[in-house]
Amino acid sequence: MSKKIKKLLIANRGEIAIRIARAGNELGIRTIGIYSDEDKYSLHRFKMDETYLIGKDKDPVEAYLSMDEIIELALRKGVDAIHPGYGFLAENAEFAEKCRENHIIFIGPEPETLRLFEDKLKSKEVAERCNVPVIPGSEKALKDVDEAVSFAEEFGYPVMLKASKGGGGRGLRIIRNKRELLDNFESAKREAEKAFGNSDVFIEKRIEKPKHIEVQILADKYGNVVHLYERDCSIQRRHQKMMEMAPARNIPEGVLQNLYRDAIKMAKASNYVNAGTFEFLMDEDFNYYFLETNPRIQVEHTVTERITGIDIVHCQIYIAEGERLDGEKLNLKQENIKRRGYALQCRITTEDPENNFMPDTGVLEAYRSPAGFGIR
């Protein structure tokens with residue numbers, strides 16, 4: 001059963017909010033924006049049909065996490081749907097649940113799916129049920145450092161300490177010997193607690209010199225799933241992606257076909273709906289292992305759009321309205337989805353060269369935007 005979205009609230013800021021607003025405008029949907037007090041002159045405010053201050057007297061991040069206030073605003077303004085973008089509330093199962101309780105369409109996976117994939121250990125269980133390879137690691141959160149040492153001695157160094165609820169490299173430590181494990185165990189737990197409100201960490205074998213490959217999928221409410229090929233995000237700095245390329249190079253076609261198959265298999269097994277990414281690490285012999293699922297739109301969705309010609313945010317909205325992938329509006333059958341050419345996305349980092357290139361902030365004094373054919 002489909003429901004036309006006429007008013008869309010975009011629960012985010014900056015580039016992704018503008019990106020979603022553009023899609024809404026192209027589909028004839030009225031867009032509602034939110035902004036914190038610090039963002040009152042931010043560009044995204046002026047790309048919406050309406051914008052409203054949120055989180056008055058709260059800090060900038062807390063403002064965009066004000067679930068009840070955002071829901072109340074949506075109800076007051078007669079909003080049909082909320083798109084969370086990425087970051088902030090995008091993977092928050094509680095927020096998705098509140099949307100459902102108030103009969104507001106959440107443009108993303110169901111709350112149950114978000115709960116499943118927010119925990120890396122639970123998501124590995126899905127992979128194992130689907131016979132998708134996973135990196136050898138602990139099956140539950142570590143009780144103490146002694147348990148971590150036992151694992152490392154069984155499988156051999158190097159290993160990785162990871163936050164169970166984590167992402168973005170926070171709470172992550174590369175461990176090459178027992179001394180490093182003893183020194184880093186508690187600091188990893190503290191960082192996980194600070195970043196995610198949960199101090200649970202687990203351990204897994206480190207894959208040296210890996211390729212980091214992610215498969216973009218779309219899934220409708222009727223069990224249909226398609227892939228939009230892969231992206232290579234192996235070039236990273238401090239566990240943060242720096243460059244995205246689509247398609248990946250120098251991977252045998254048979255291996256890629258297996259990746260697509262396994263991503264679709266996991267999506268179907270988890271009753272996945274909407275856009276998502278299944279991420280894998282690949283070693284030098286092209287053995288790959290499931291890493292995690294990102295149940296949302298990603299920063300790097302743009303390179304996939306360039307090589308396929310498919311607007312992923314349009315698809316998200318249509319799927320949320322109840323359209324079928326193989327229906328008239330989307331017309332997305334796997335055999336009809338082709339890729340053409342290559343696309344590359346680069347991210348800019350701000351670092352202090354006088355402080356060991358640590359991440360830093362400051363005033364941007366000059367900026368020259370690239371331009372020309374093929375540049376988005």
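Remember, predicted model here, so these are calculated numbers, not experimental data.
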Checking side-chain contact (heavy atoms from CB on, under 4.5 Å) for the pair L114/N92: CA distance, chi angles, key distance, verdict?
CA-CA 7 Å; L114 293 174; N92 191 303; over 6 Å; no
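- Side-chain contact check for I217 versus V226: every heavy-atom pair is 4.5 Å or farther apart.
- K211 has a carboxylate O that lies under 4.0 Å from a charged side-chain N of D232, or vice versa, which qualifies the two as a salt bridge.
- The 12-atom threshold is not exceeded at NZ of K47, counting heavy atoms of other residues, nucleotides or ligands nearer than 6.0 Å.
- To the nearest 0.5 Å, the span separating OH on Y288 from CG on L256 amounts to 10.0 Å.
- In this structure, the separation between CD1 on I18 and CG on L43 is 4.0 Å, given to the nearest 0.5 Å.
- The pair R347-E244 counts as a salt bridge, with a side-chain nitrogen and a carboxylate oxygen less than 4.0 angstrom apart.
- Both M67 and L53 belong to a common hydrophobic cluster when Ile, Leu, Val, Met, Phe, Trp and Tyr are linked at side-chain heavy-atom distances under 4.5 angstrom.
- Salt bridge absent: K333 and D326 never bring a charged side-chain N and a carboxylate O closer than 4.0 Å.
- When all heavy atoms of I5 and A320 are compared, the pair lying nearest together is CD1-CB, 4.4 Å.
- A salt bridge is absent between R76 and E69: the closest approach of a Lys/Arg side-chain nitrogen to an acidic carboxylate oxygen does not fall below 4.0 angstrom.
- With a 6.0 Å radius and a threshold of 12 heavy atoms from other residues, nucleotides or ligands, K140 has its NZ atom at or below the threshold.
- With hydrogens and angles left out, the side-chain atoms of N25 and R22 include no donor and acceptor closer than 3.5 Å.
- Under the 6.0 Å distance and 45° angle rule, R45 counts as a cation-pi partner of Y35.
- No side-chain donor from either of Y318 and D220 sits under 3.5 Å from a side-chain acceptor of the other.
- The pair E118-R115 fails the salt-bridge criterion, with no side-chain N (NZ, NE, NH1 or NH2) lying under 4.0 Å from an Asp/Glu carboxylate O.
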Please report the C-alpha distance between E125 and K120 in whole Å, then the side-chain angles of each, then the deciding distance to 0.1 Å, and finally whether the salt bridge (charged side-chain N to carboxylate O under 4.0 Å, His left out) criterion is met.
CA-CA 9 Å; E125 290 174 5; K120 286 186 170 59; over 6 Å; no
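- Residues Y222 and E323 bring no donor and acceptor atom of their side chains to less than 3.5 Å of each other.
- With hydrogens and angles ignored, the 3.5 Å screen pairs a side-chain donor or acceptor of E180 with a backbone N or O of R176.
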Give the C-alpha distance, both sets of side-chain angles, the deciding distance and a yes or no for salt bridge (charged side-chain N to carboxylate O under 4.0 Å, His left out) between E191 and R173.
CA-CA 10 Å; E191 187 175 340; R173 301 286 189 277; 2.8 Å; yes
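- Counting only N and O atoms by type, the side chains of K58 and S66 include a donor and acceptor under 3.5 Å apart.
- In the model, R231 has no side-chain atom that pairs as donor or acceptor with a side-chain atom of Q345 under 3.5 Å.
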Quick one, V303 with M245, criterion side-chain contact (heavy atoms from CB on, under 4.5 Å). Give me CA distance, side-chain angles, the key distance, then yes/no.
CA-CA 7 Å; V303 294; M245 183 169 67; over 6 Å; no
Go through the steps for D80 and K6 under the test salt bridge (charged side-chain N to carboxylate O under 4.0 Å, His left out), then give the verdict.
CA-CA 6 Å; D80 302 301; K6 297 177 181 177; over 6 Å; no
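- The two atoms that bring N271 and T113 nearest to each other are O-OG1, 3.9 Å, heavy atoms only.
- Grouping the Ile, Leu, Val, Met, Phe, Trp and Tyr side chains by contacts below 4.5 angstrom, directly or via other members, places L325 with I264.
- Salt bridge present: R19 and D311 bring a charged side-chain N and a carboxylate O closer than 4.0 Å.
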Between V134 and E128, does a side-chain contact (heavy atoms from CB on, under 4.5 Å) hold up when you go through it step by step?
CA-CA 7 Å; V134 297; E128 289 170 338; 3.5 Å; yes
Would you check, one step at a time, whether the test salt bridge (charged side-chain N to carboxylate O under 4.0 Å, His left out) holds for E292 with K124?
CA-CA 8 Å; E292 64 179 353; K124 284 178 73 172; over 6 Å; no
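- Taking CZ from R190 and NZ from K194, the interatomic distance works out to 11.0 Å, rounded to the nearest 0.5 Å.
- When the side chains of ILVMFWY residues are joined at heavy-atom separations under 4.5 Å, either directly or via intervening members, V61 and L89 end up in a single hydrophobic cluster.
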Verdict with supporting geometry, I10 and M48, side-chain contact (heavy atoms from CB on, under 4.5 Å):
CA-CA 9 Å; I10 301 165; M48 312 285 175; 3.6 Å; yes
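- Taking CD1 from I32 and NE2 from H83, the interatomic distance works out to 15.5 Å, rounded to the nearest 0.5 Å.
- Note: I104 CD1 to I71 CD1 = 4.5 Å, rounded to the nearest 0.5 Å.
- Counting only N and O atoms by type, the side chains of E230 and Y260 include a donor and acceptor under 3.5 Å apart.
- Side-chain contact of N294 with E279: a donor-acceptor pair under 3.5 Å is present, judged by distance alone.
- With a 6.0 Å radius and a threshold of 12 heavy atoms from other residues, nucleotides or ligands, E335 has its CD atom above the threshold.
- When only modelled atom types and interatomic distance are considered, H227 and Q216 share no side-chain donor-acceptor pair under 3.5 Å.
- To the nearest 0.5 Å, atoms NE2 (H314) and CD1 (I319) are separated by 13.0 Å.
- Side chain to side chain, E321 and Q316 fail the donor-acceptor criterion of an N or O pair below 3.5 Å.
- Donor-acceptor pairing under 3.5 Å is lacking for the side chains of T277 and R296.
- The environment of I375 atom CD1 is dense: over 12 non-hydrogen atoms of other residues, nucleotides or ligands sit within 6.0 angstrom.
- When the shell of 6.0 Å around CD of E208 is examined, it contains more than 12 heavy atoms from other residues, nucleotides or ligands.
- Within 6.0 Å of atom CD in E101, more than 12 heavy atoms from other residues, nucleotides or ligands are found, so the atom counts as buried in its surroundings.
- A salt bridge links E214 with K241: the distance from a Lys NZ or Arg NE/NH1/NH2 to an Asp or Glu carboxylate oxygen falls below 4.0 Å.
- The two residues L8 and I107 come nearest to each other via the heavy atoms CD1-CD1, 3.7 Å.
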